[in-house]
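Notes for the one structure printed next.
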Amino acid sequence: MSHSPAPQFGAIIIGDEILSGKRQDKHLPKLIELLAARGCTLSWAEYVGDERTRLTEVLRRAVAGNDIVFSFGGIGATPDDHTRQCTAAALGVALQPHPQAQALITQRMQEMAAEKGEAFAPQRPDNVQRLQMGVLPAGAQIIPNPFNRIPGFSYRGARGAWLHCVPGFPVMAWPMVAWALDAHHRDLHQQQAYTERSVILFKAQESALTPLMQAVEMAHPGIKVFSLPSVDHPEYGLHIELGVKGKTAAIAPAWQQLTEGLHRLGAQFGPELQRQI
């Protein structure tokens, strides 16, 4: 019997303004933080501009397996917002008005009119355009937006993938991501608790360390060995940070094999480091 691999968390960050440097991406570090608070880790991330063909292909790959993917940006109703349309194309479904999403958007428009002391005019062109944000891929579920009610959406792929699409505005996106993690993926919380344990090595060469790194990974499936050289660190100067990372319960024996091997090589040890990831 074949088994599907465990789902991984991924991110798609959309917008020409990110790729041009006009705006700096803040979503990636925040998503890592939100996942870490729940004992989960980010496995991959992809940046893509506002170009429909490429975005559709990125989204198609995202939902092809069983990953849990958060997409940031492009769900508005202006000409440079393509995420809703591209998601529908990637999934091979139609776009259609989502009753709950449109009700929430209508409620928001009524509140905006009341705040201005105006009568709500649903047929006014700008209000008709706002309702486009409630035209979603058929079968989508909404993600509540606590900032202004205008929702994001989620879609479950045929092989188990989850695609969660949220706005590009951090004040909206981040609470929506937290909601999706808690509403749909609580079963994964703490199951992916990872530890990273490493040591600073002085006067070491990566080529000399490679056989040991390979031996540790071969002996401990699921553990990753990493090497991070630095030539100008403000505290350690020229050094290599060598370590292991993986599920917390599996770290101790891998770390023991690594450090014993380093002692046999006559490594010059600096401080040891450990963190949860």
Practice task
Tell me whether Trp179 is reachable from Ile68 by hopping between hydrophobic residues (I, L, V, M, F, W, Y) whose side-chain heavy atoms are closer than 4.5 Å.
Solution key: yes

Exercise for the section: Let me see the working for Leu104 and Ile150 under side chain to side chain contact (heavy atoms under 4.5 Å, CB included), right down to the final yes or no. Expected result: CA-CA 6 Å; Leu104 287 165; Ile150 299 174; over 6 Å; no

Completion exercise
In short, Ala88 meets Pro137 closest at the heavy-atom pair N-CG, 3.9 Å

Handout entry: Euclidean distance, Glu235 CD relative to Ser230 OG, rounded to 0.5 Å
Key = 11.5 Å

Practice task
Scan for ring pair (Phe, Tyr, Trp, His ring centres under 6.0 Å) pairs involving residues 195-238, sequence neighbours excluded, and state none if there are none.
Solution key: His233-Tyr236, His233-His239, Tyr236-His239

Exercise for the section: Mind checking side chain to side chain contact (heavy atoms under 4.5 Å, CB included) for Ala178 and listing every partner two or more places apart, or none if nothing turns up? Expected result: Leu34, Arg38

Fill in the blank from the handout: Under a side-chain separation threshold of 4.5 Å, the hydrophobic residues clustered together with Tyr155 are Ile12, Ile14, Trp44, Val48, Leu55, Val58, Leu59, Val63, Val69, Leu91, Val93, Leu163

Practice task
Would you check if Thr106 and Pro122 make a side-chain contact, meaning some heavy-atom pair closer than 4.5 Å?
Solution key: no

Problem - Residues which pass side chain to side chain contact (heavy atoms under 4.5 Å, CB included) with Asp126, listed by chain and number, not counting sequence neighbours - result: Arg124, Arg130

Practice task
Run the numbers on Thr87 and Cys165 for side chain to side chain contact (heavy atoms under 4.5 Å, CB included), then give the verdict.
Solution key: CA-CA 9 Å; Thr87 299; Cys165 297; 4.1 Å; yes

Exercise for the section: Report yes or no: does Asn66 contribute a side-chain atom to a donor-acceptor pair with the main-chain N or O of Arg159 at less than 3.5 Å? Expected result: no

Problem - Which residues share a side chain to side chain contact (heavy atoms under 4.5 Å, CB included) with Tyr47, sequence neighbours left out - result: Ile13, Ile18, Leu19, Asp25, Leu28

Handout entry: Gap separating the CZ atom of Arg52 from the CG atom of Asp80, nearest 0.5 angstrom
Key = 10.5 Å

Exercise for the section: Write down the atom of Leu31, the atom of Ala11, and the distance for their closest heavy-atom approach. Expected result: CD2-CB, 3.6 Å

Handout entry: Exercise: identify the closest heavy-atom pair between Gly21 and Gln24
Key = O-NE2, 3.7 Å

Handout entry: Gly243 backbone acceptor or donor facing Glu196 side chain under 3.5 Å
Key = no

Exercise for the section: Can you run down the salt bridge (Lys or Arg N to Asp or Glu O under 4.0 Å) pairs that involve residues 81-105, sequence neighbours left out, and say none if there aren't any? Expected result: none

Exercise for the section: May I have all residue pairs that pass salt bridge (Lys or Arg N to Asp or Glu O under 4.0 Å) and include part of residues 27-37, sequence neighbours excluded? Expected result: Lys30-Glu33

Exercise for the section: Give a yes or no on whether Phe153 and Met133 share a hydrophobic cluster (residues Ile, Leu, Val, Met, Phe, Trp, Tyr; joining criterion: side-chain heavy atoms under 4.5 Å apart). Expected result: no

Practice task
Mark yes or no for whether His27, through its side chain, and Gly73, through its backbone, hold a donor-acceptor pair below 3.5 Å.
Solution key: no

Practice task
Could you tell me whether Lys224 and Glu217 have a side-chain N and a carboxylate O separated by less than 4.0 Å?
Solution key: no

Exercise for the section: Report whether Val177 and Phe147 are members of the same hydrophobic cluster (ILVMFWY, side-chain heavy atoms less than 4.5 Å apart, transitive linking). Expected result: yes

Handout entry: OG1-CD distance between Thr259 and Glu272, expressed to the nearest 0.5 angstrom
Key = 7.5 Å

Problem - Lys22 side chain reached by Asp16 side chain, heavy atoms, under 4.5 Å - result: no

Problem - Arg60 to Ala90 - nearest heavy-atom pair and separation - result: N-CB, 3.6 Å

Handout entry: Straight-line distance of His82 NE2 to Ile75 CD1, nearest 0.5 Å
Key = 14.0 Å

Practice task
Could you pull out all residues at least two apart from Glu260 that satisfy salt bridge (Lys or Arg N to Asp or Glu O under 4.0 Å)?
Solution key: none

Handout entry: Cluster companions of Val244 among Ile, Leu, Val, Met, Phe, Trp, Tyr (side-chain spacing under 4.5 Å)
Key = Val199, Leu201, Leu209, Leu212, Met213, Val216, Ile223, Val225, Ile240, Leu242, Ile251, Trp255, Leu258, Leu262, Leu265, Phe269

Handout entry: Min side-chain heavy-atom separation Gln141-Gln100 under 4.5 Å
Key = no

Exercise for the section: Tell me whether Val171 is reachable from Leu181 by hopping between hydrophobic residues (I, L, V, M, F, W, Y) whose side-chain heavy atoms are closer than 4.5 Å. Expected result: yes

Got a list of side-chain donor-acceptor pairs under 3.5 Å for residues 107-120, not counting sequence neighbours?
{"unit_1": "Glu111", "atom_1": "OE1", "unit_2": "Arg149", "atom_2": "NE", "d": "3.2"}
{"unit_1": "Glu111", "atom_1": "OE2", "unit_2": "Arg149", "atom_2": "NE", "d": "2.8"}
{"unit_1": "Glu111", "atom_1": "OE2", "unit_2": "Arg149", "atom_2": "NH2", "d": "2.9"}

Handout entry: Joint hydrophobic cluster, Val166 plus Ile142, side-chain heavy atoms closer than 4.5 Å
Key = no

Exercise for the section: Please list, chain by chain and in numerical order, all residues satisfying ring-ring contact (aromatic ring centres under 6.0 Å, His included) with Phe70, sequence neighbours excluded. Expected result: His164

Problem - Shortest non-hydrogen separation from Pro175 to Pro146 and the atoms involved - result: CB-CG, 3.7 Å

Completion exercise
The side chain to side chain contact (heavy atoms under 4.5 Å, CB included) partners of Arg156 (sequence neighbours excluded) come to Trp162

Handout entry: Side-chain (Glu51) to main-chain (Arg54) donor-acceptor, under 3.5 angstrom
Key = yes

Problem - Heavy-atom closest contact (Gly134 atom, Ile105 atom, distance) - result: N-CD1, 3.3 Å

Practice task
Hey, could you give me the CG/CD distance between Leu136 and Gln102, rounded to the nearest 0.5 Å?
Solution key: 8.0 Å

Problem - Working for side chain to side chain contact (heavy atoms under 4.5 Å, CB included), residues His98 and Val135 - result: CA-CA 6 Å; His98 189 289; Val135 177; over 6 Å; no

Exercise for the section: Check whether any side-chain N or O of Asn145 sits under 3.5 Å from a backbone N or O of Pro151 as a donor-acceptor pair, and report yes or no. Expected result: no

Exercise for the section: To the nearest 0.5 angstrom, please state how far the SG atom of Cys40 sits from the CZ atom of Phe9. Expected result: 4.0 Å

Practice task
For Glu206 and Ser227, test the side chains for any donor-to-acceptor distance below 3.5 angstrom and give the result as yes or no.
Solution key: yes

